[in-house]
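A short worksheet on the structure shown next.
Positions are given from 1 along the sequence. Only heavy atoms go into these numbers, but all of them, side chains included; no hydrogens, no water, no symmetry mates. Model, not experiment: these values are computed from the prediction.
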Amino acid sequence: MSIAVEQRLKNLSNPSSIMLGRVSDSWPVVLPYDVSLKVSLADFQQISSLNPESRLELTAQGDLIVMPPESSWSGHRNAKISQYLGMWADQHGGYEFGSSAGFILPDGSCRSPDASWISSDRWNALSAEDKSGFARICPDFVVELRSPSDSLPDLEAKMEKYMANGASLGWLIDPLSKTATVYRAGRAPESLVGPQHLSGENVLAGFALNLASIFKEPD
């Protein structure tokens, strides 16, 4: 299988484009799942700025990840989670982020959780430079919501990376199997089958996500 995406990149193989400083026209690029494209963090930031409509991530090893657009219902579920998290943050503080926000983690990767939250103390401690573009910080709390196109092992590995880079609490929610896995700093993941809700515990005190609306199938 492959993912067809449109990328507006500088045509570095064309000297005239370099001399004129032009950005080449968009063209379709097909990236097979089993082919790795290596880029630097600086190149990734440039590629991302030229492709704001694309869902891109970068691993610590420099692998460019192009993710397909999420399904409409997955987008609805993501919006619900961000809505509930935002309502909690409005009352309790900190900064919530949606699925389009990218973060440069300590290991050099750039990741975009489906939802995340950072405490006011940690966010305000960042310099203006570290806050600009992709903020150089790992969120305190992260959520990954599995969509039909997502590989579960890939999401599990991604959650482990968040925890290794400083996250305190994480949820991997899988509506396909009606399960959730809770990740806590310094502890083994806890898998829950058919949970009714998830607690923010001591990281997001008082926050609870009712999973009925998240597990709900389209009418």
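Note that OG of S116 is 8.0 Å distant from OH of Y162, once rounded to the nearest 0.5 Å. Taking CG of D130 as the reference point, atom CD1 of I137 lies at 9.0 Å (rounded to 0.5 Å). With rounding to the nearest 0.5 angstrom, the CG atom of L172 is 7.5 Å from the OG1 atom of T179. With rounding to the nearest 0.5 angstrom, the CD atom of E144 is 11.5 Å from the CG atom of L152. Atom CE in M159 sits 6.0 Å away from atom OH in Y183 (nearest 0.5 Å). If you take CG on D154 and CE on M67, they are separated by 11.5 Å, rounding to the nearest 0.5 Å.
In terms of hydrophobic clustering, with Ile, Leu, Val, Met, Phe, Trp and Tyr side chains grouped at heavy-atom distances under 4.5 Å, I81 and W117 are assigned to a common cluster. Note on M163 and L192: separate hydrophobic clusters, where clusters join Ile, Leu, Val, Met, Phe, Trp and Tyr whose side-chain heavy atoms are under 4.5 Å apart, directly or indirectly. Note on Y95 and F103: same hydrophobic cluster, where clusters join Ile, Leu, Val, Met, Phe, Trp and Tyr whose side-chain heavy atoms are under 4.5 Å apart, directly or indirectly. A continuous path of ILVMFWY side-chain contacts below 4.5 Å connects I214 to L198, so both sit in one hydrophobic cluster.
P195 is listed as a side-chain neighbour of F215, based on a closest heavy-atom distance under 4.5 Å. With contacts defined as side-chain heavy-atom distances shorter than 4.5 Å, the pair L105/R136 does not qualify. V143 is not listed as a side-chain neighbour of P113, based on a closest heavy-atom distance of 4.5 Å or more. A 4.5 Å side-chain heavy-atom check between K161 and S109 finds every atom pair outside the cut-off. Contact annotation: the side chain of I173 approaches that of L209 to within less than 4.5 Å [non-hydrogen atoms, C-beta and beyond]. Residues D43 and L64 have side chains not in contact (no heavy-atom distance under 4.5 Å, counting atoms from C-beta outward). Between L145 and L155 the shortest side-chain heavy-atom distance does not fall below 4.5 Å. In this structure the side chain of W171 reaches within 4.5 angstrom of the side chain of V182, judged on heavy atoms.
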Checklist entry - Does the salt bridge (charged side-chain N to carboxylate O under 4.0 Å, His left out) test come out yes or no for D140 and R122, once each step is laid out? => result CA-CA 9 Å; D140 298 271; R122 293 187 67 229; 3.1 Å; yes
Next on the checklist: Pair N124, K131 - check side-chain contact (heavy atoms from CB on, under 4.5 Å), show working.
Outcome noted: CA-CA 9 Å; N124 293 334; K131 290 178 183 177; 4.3 Å; yes
Checklist entry - Should Q83 and M87 be marked as a side-chain contact (heavy atoms from CB on, under 4.5 Å) after you check the CA-CA gap, both sets of side-chain angles, and the distance that decides it? => result CA-CA 6 Å; Q83 175 188 0; M87 291 172 60; 4.1 Å; yes
Checklist entry - Checking side-chain contact (heavy atoms from CB on, under 4.5 Å) for the pair T59/R111: CA distance, chi angles, key distance, verdict? => result CA-CA 8 Å; T59 70; R111 295 294 194 170; 3.7 Å; yes
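A donor atom on one side chain and an acceptor atom on the other are not found under 3.5 Å apart for D121 and S119.
Classified by interplanar angle (parallel below 30°, tilted 30° to 60°, perpendicular above 60°), the ring pair F97/W123 is tilted.
With salt bridges taken as basic N to acidic carboxylate O contacts below 4.0 Å, none links R146 and E156.
For the pair Q61 and K38, the tightest heavy-atom approach, listed with the atom from each and the gap, is O-NZ, 3.2 Å. The shortest non-hydrogen separation linking P106 to C138 is CD-CB, 4.2 Å. When all heavy atoms of S199 and L169 are compared, the closest pair comes out as O-CD2, 4.1 Å. The shortest non-hydrogen separation linking P189 to E160 is CG-OE2, 3.6 Å. V203 and F141 get closest at one heavy-atom pair: CG1-CB, 4.5 Å. The minimum heavy-atom distance between G93 and W88, with the atom names listed, is O-CZ3, 3.9 Å.
Between the side chain of S82 and the main chain of A79, no donor-acceptor pair closer than 3.5 Å is present. With hydrogens and angles ignored, the 3.5 Å screen pairs no side-chain donor or acceptor of S54 with any backbone N or O of L56. A distance-only check finds a donor-acceptor pair linking the side chain of E57 to the backbone of S112 [under 3.5 Å]. In terms of modelled atom types and a separation under 3.5 Å, the side chain of N165 and the main chain of D107 share a donor-acceptor contact.
The number of heavy-atom neighbours closer than 6.0 Å to NZ of K216, taken from other residues, nucleotides and ligands shown, is 12 or below.
Every residue meeting the salt bridge (charged side-chain N to carboxylate O under 4.0 Å, His left out) condition with E190, not counting sequence neighbours, appears here in chain and number order: R184.
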